[in-house]
Amino acid sequence: MPVPLTDVIPLIDLAEWRSTDSDRQAQAAATVDQALRESGFLMLTNHGVPADLAADLRRAAKAFFSLPTDIKTKYETTVGGRGWLPSGKEANSYAGEEADKSTPDMKESLTMGRPDTTDAFPESLAFAPNVWPSEVPELEPLATTYMRAMYGLYDELLHMCGHALGLGSDWFIDRCSTGTRTLNINRYPSLEETGIPKPGQFRVGAHTDWSIFTLLDRQPGYGGFQVELDGEWLDAPYVEGTLLVNIGDLLARWTGDRWRSTRHRVLPPQESAPSEELISVIQFCDANVDAVIETMPDPIGGGNVYEPVLAGEYLRQRAIQASVA
């Protein structure tokens, strides 16, 4: 019998970590370590991000996505950039070592990120100026407030990870404080809009995330979120008011796969819910672009050893691989 996903994607109560009781803090960090070892996923409760803030941001994003295509085109970007990414321009599903561009993701995205620039990669699209559509003026203040709240959560997770590995609570902070911290708002259109998917086509194809952490505020649905565990695709648990968190490839490489970067996907629109439209708010949390990701030795590392990579260059290459011309 497969292990129930709820057993390996635990609910982490951040009130425990925020406690002044060192034993409770240590237990919270140990639970994070165990979750990242077993599935690479966890859920956060008592995270402090107001539910109405996420709801308001989702409504503002929906107002943008509802605009005519010729207006949205003014804000168009490419994978890895900031602005509007039309449906069909990104392929996360892999066939071997390359993205399967014959089955692009069935989504459109609005992307923004940390406004500060860096001298390490001055040409990087990831640090291009944020694009704020004038047609939806409320989007900028809502997204900015939301990102600030998520950055605080990200820093707490980094402190917990440093504590869990015995590196000191600031080890990851020092190496992840100036990353791009990209926010994606994904709209998954209904079956009535998209028509029947191609064979093997998904709202987001099976993939691993690229960087350190992903903090996901999602809507449950028939065309929902699945995680691959021991070769089996299982529906991710959903608890109202929580955030679903997973790690990406760079953190897995850093820890020599002590912590797992696990494949996941978003199902295509379903015939059982032809009018279902979902919007996910996805905060990506990145290492500094000039950070060298070098596998930690035993006993911290998980035993697998990777060639050192520069974080910014790794992310740039992954964006190129996922782009559909």
Side-chain angles (χ1 to χ4, degrees), residues 6 9-20 24-25 28-29 31-32 35 41-66 82 107-116 130-133 135-161 169 173 176-177 179-188 209 211-221 224-225 236-247 266 276-286:
T6 50
I9 300 183
L11 191 62
I12 306 292
D13 186 346
L14 272 181
E16 296 297 302
W17 172 252
R18 293 166 179 165
S19 166
T20 57
R24 291 169 65 187
Q25 290 180 331
T31 304
V32 167
F41 277 83
L42 54 89
M43 293 181 289
L44 284 181
T45 187
N46 286 325
H47 48 71
V49 180
D52 58 351
L53 174 59
D56 290 345
L57 177 57
R58 194 175 263 111
R59 279 192 291 270
K62 182 174 174 59
F64 172 79
F65 290 130
S66 298
R82 294 180 176 181
K107 67 176 177 64
E108 59 178 319
S109 303
L110 190 59
T111 301
M112 62 283 294
R114 191 172 63 86
D116 309 286
N130 283 321
V131 174
W132 302 114
E135 294 82 1
V136 189
E138 66 271 26
L139 186 60
E140 179 178 3
L142 287 169
T144 300
T145 301
Y146 186 84
M147 285 190 287
R148 286 177 184 150
M150 298 303 278
Y151 296 169
L153 278 182
Y154 176 38
D155 288 344
E156 283 193 272
L157 284 168
L158 292 177
H159 284 303
M160 293 176 79
C161 286
S169 62
I173 292 285
C176 299
S177 61
T180 55
R181 301 193 173 197
T182 299
L183 176 68
N184 268 18
I185 305 176
N186 286 353
R187 172 180 174 260
Y188 305 122
D209 287 347
S211 193
I212 305 300
F213 275 110
T214 303
L215 288 75
L216 171 63
D217 183 308
R218 68 189 180 98
Q219 294 179 306
F225 192 97
Y238 177 82
V239 178
E240 185 74 31
T242 66
L243 294 170
L244 185 65
V245 180
N246 66 282
I247 72 166
V266 181
E276 177 185 81
E277 173 187 287
L278 301 174
I279 294 179
S280 288
V281 183
I282 309 160
Q283 180 67 62
F284 296 107
C285 303
D286 309 313

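In what follows, every heavy atom counts, from backbone to side chain, and hydrogens, waters and symmetry copies are set aside. Nothing here was measured: the structure is a model prediction, and the numbers come from that model. Numbers here simply count residues along the sequence, with the first being 1.
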Determine the minimum heavy-atom distance between [X] and [Y], stating which atoms define it.
| X | Y | value |
| --- | --- | --- |
| W132 | L139 | CZ3-O, 4.1 Å |
| I185 | F65 | O-CZ, 3.3 Å |
| S280 | R218 | OG-CB, 3.8 Å |
| A60 | V136 | O-CG1, 3.6 Å |
| T31 | I12 | CG2-CD1, 3.2 Å |
| L215 | C285 | CD1-SG, 3.5 Å |

How far does [atom1] of [X] sit from [atom2] of [Y], to the nearest 0.5 angstrom?
| X | Y | atom1 | atom2 | result |
| --- | --- | --- | --- | --- |
| E140 | N130 | CD | CG | 8.0 Å |
| N46 | L14 | CG | CG | 7.5 Å |
| D286 | S177 | CG | OG | 12.0 Å |
| T242 | L44 | OG1 | CG | 8.0 Å |
| Y238 | M43 | OH | CE | 11.0 Å |
| D52 | L57 | CG | CG | 11.5 Å |

Kindly say whether [Y] contributes a backbone atom to a donor-acceptor pair with the side chain of [X] at under 3.5 angstrom?
| X | Y | answer |
| --- | --- | --- |
| D209 | I247 | no |
| Y146 | V49 | no |
| E108 | R187 | no |
| Q25 | W17 | yes |
| N184 | N186 | no |

### Task
In plain terms, say whether D155 and R181 are close enough for a salt bridge, that is, a side-chain N and a carboxylate O under 4.0 Å apart.
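Answer for the salt bridge query: yes.
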### Message
Please determine whether a side-chain nitrogen of the Lys or Arg among R18 and E156 lies less than 4.0 Å from a carboxylate oxygen of the Asp or Glu.
### Response
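Salt bridge: yes.
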### Query
Hey, which of H47, Q283, R58 is the one that makes side chain to side chain donor-acceptor pair (under 3.5 Å) with D217?
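By the side chain to side chain donor-acceptor pair (under 3.5 Å) criterion, D217 pairs with just one of H47, Q283, R58: R58.
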### Task
Measure from NZ or CZ of R114 to the centre of the six-membered ring of Y151, then state whether that distance is under 6.0 Å and the direction lies within 45° of the axis.
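No, R114 and Y151 do not form such a contact.
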